Amino acid sequence: MPKNAYSIDLIKQMAECDANYIRLLRLLPVLAAHRQRDYSQVPSSLAQRQANAAPEKALEGLSFVFTLAELEAEPVSVEIKILEAFKYTTTLEIVQRPVVREWMTNPSMLIRVYHDASTAEVVSYQGHRNLEARYAQPNPKMYQSDEKSQVNRFLGEWLTHCLDVGHSAEKVWSTQAAHDA
């Protein structure tokens, strides 16, 4: 009979997802403009893309790269790409490069950002989708009992690392910088 000793701490999980939302807003100021529905300061290249579509659709396909370490062969970087943008949600793909296949798999995940709830959660990690909040032990997929919680915590650590040591080759667009000028 499987054990179910793990109990879900919903307050702690939601706090982690809310903190991840704040981290993402700091890394990608364009998400703050989306949240505020203020596209008046959108760069002209984006403004042209949104002419015939909903304003948030102009964000789809945008990609931001943060370099974490300069190695001899190739710098280690994290790419955050906006896959989908809707009125209340945005889907992001976060991938670390270069791919080191000899001895490890680089992290990659899909994040769903809920602007109306000010929260962000992992919806896919390394291709594993629809993670449950709790898994019985043992289970056929060999997930930890708190797999979803661990993945969201890892996202928080990864974003914090990007904020602490990452730097962008390009100036990331910011609505705050436009208002300060």
Side-chain angles (χ1 to χ4, degrees), residues 1-36 56 59-69 76-166 172:
M1 187 158 164
K3 294 188 230 174
N4 275 334
Y6 171 69
S7 63
I8 300 168
D9 185 347
L10 189 58
I11 293 172
K12 186 176 179 182
Q13 283 190 26
M14 288 306 300
E16 185 69 44
C17 291
D18 293 350
N20 286 341
Y21 181 78
I22 293 167
R23 291 177 186 113
L24 283 167
L25 288 180
R26 288 183 56 208
L27 274 174
L28 306 176
V30 72
L31 291 179
H34 177 68
R35 179 181 186 208
Q36 297 160 356
E56 59 272 2
L59 304 177
E60 288 182 359
L62 285 181
S63 185
F64 303 89
V65 178
F66 300 92
T67 302
L68 300 180
V76 176
S77 61
V78 172
E79 179 183 10
I80 304 175
K81 184 175 183 180
I82 300 174
L83 298 179
E84 298 176 321
F86 297 101
K87 187 173 183 179
Y88 298 110
T89 62
T90 303
T91 303
L92 307 173
E93 177 184 40
I94 303 178
V95 180
Q96 184 169 308
R97 302 196 193 288
V99 176
V100 184
R101 294 183 183 195
E102 292 178 25
W103 56 276
M104 69 176 266
T105 303
N106 282 9
S108 68
M109 56 182 70
L110 292 178
I111 312 302
R112 181 79 30 83
V113 179
Y114 301 94
H115 299 285
D116 53 341
S118 299
T119 194
E121 73 168 333
V122 177
V123 294
S124 173
Y125 177 73
Q126 305 295 89
H128 299 269
R129 299 184 74 85
N130 302 323
L131 295 171
E132 296 179 21
R134 176 174 56 182
Y135 288 95
Q137 295 295 314
N139 61 69
K141 294 183 179 179
M142 299 192 59
Y143 288 134
Q144 296 293 318
S145 54
D146 64 340
E147 189 80 21
K148 186 170 190 166
S149 175
Q150 286 186 35
V151 170
N152 280 304
R153 196 168 33 247
F154 173 70
L155 173 63
E157 292 171 2
W158 202 17
L159 294 174
T160 298
H161 186 65
C162 287
L163 286 165
D164 290 345
V165 301
V172 177

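On a predicted model such as this, the values are computed, not experimentally measured, just so you know.
- A donor-acceptor pair under 3.5 Å is absent between the side-chain atoms of Glu16 and the main chain of Glu121, judged by distance alone.
- Residue Leu24 holds its CG atom at 9.0 Å from OH of Tyr21, rounded to the nearest 0.5 Å.
- With no hydrogens or angles considered, a side-chain donor-acceptor pair links Thr90 and His115 at under 3.5 Å.
- Between Leu83 and Glu60, every side-chain heavy-atom pair lies at or beyond the 4.5 Å cut-off.
- Under the 4.5 Å side-chain criterion, counting only non-hydrogen atoms from C-beta, Phe66 is not in contact with Ser77.
- With sequence neighbours excluded, the residues satisfying side-chain hydrogen bond (donor to acceptor under 3.5 Å, both in side chains) with Thr119 are Asp18.
- Atom OG of residue Ser118 and atom CG of residue Asn20 lie 13.0 Å apart, to the nearest 0.5 angstrom.
- Formation of a donor-acceptor pair under 3.5 Å by the Asn130 side chain with backbone atoms of Val123 is not found in this model.
- Looking at Asn106, its side chain does come within 3.5 Å of a backbone N or O of Gln96 through a donor-acceptor pair.
- With rounding to the nearest 0.5 angstrom, the CG atom of Leu92 is 9.5 Å from the CG atom of Leu155.
- Considering only residues two or more places apart in sequence or on other chains, His128 meets the ring-ring contact (aromatic ring centres under 6.0 Å, His included) condition with Tyr143.
- Ile82 is listed as a side-chain neighbour of Phe64, based on a closest heavy-atom distance under 4.5 Å.
- Take Glu79 and apply the salt bridge (charged side-chain N to carboxylate O under 4.0 Å, His left out) test, not counting sequence neighbours, and it matches Arg97.
- Glu93 places no side-chain N or O within donor-acceptor distance of the main-chain N or O of Leu110, the cut-off being under 3.5 Å.
- Side-chain contact between Thr105 and Gln126 is present, with at least one heavy-atom pair separated by less than 4.5 Å.
- Contact check for His161 versus Leu68: side-chain heavy atoms found under the 4.5 Å cut-off.
- Checked by atom type and distance alone, the side chain of Asp9 pairs as donor or acceptor with a backbone atom of Lys12 at under 3.5 Å.
- To the nearest 0.5 Å, atoms CG (Leu159) and CG (Leu25) are separated by 11.0 Å.
- Taking the side chain to side chain contact (heavy atoms under 4.5 Å, CB included) definition, one finds that Asp116 meets it with Tyr88, Tyr114, sequence neighbours left out.
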Test side chain to side chain contact (heavy atoms under 4.5 Å, CB included) applied to Val30 and Leu59, step by step: CA-CA 8 Å; Val30 72; Leu59 304 177; 3.4 Å; yes

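- Under the salt bridge (charged side-chain N to carboxylate O under 4.0 Å, His left out) criterion, Glu147 pairs with no residue at all, not counting sequence neighbours.
- Nearest heavy atoms, Ala120 versus Asn152: O-OD1, 4.4 Å.
- One finds the CG atom of Leu131 at 10.0 Å from the CZ atom of Arg129 (value rounded to the nearest 0.5 Å).
- For the pair Leu28 and Ile80, the minimum side-chain heavy-atom distance is below 4.5 Å.
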Begin from the C-alpha positions of Ile94 and Ile111 and carry the test side chain to side chain contact (heavy atoms under 4.5 Å, CB included) through to its verdict. CA-CA 8 Å; Ile94 303 178; Ile111 312 302; 3.7 Å; yes

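- Every residue two or more places apart in sequence or in another chain that forms a side chain to side chain contact (heavy atoms under 4.5 Å, CB included) with Leu163 is listed here: Arg23, Arg26, Leu27.
- Using a 4.5 Å heavy-atom cutoff, the side chains of Asp146 and Arg153 are in contact.
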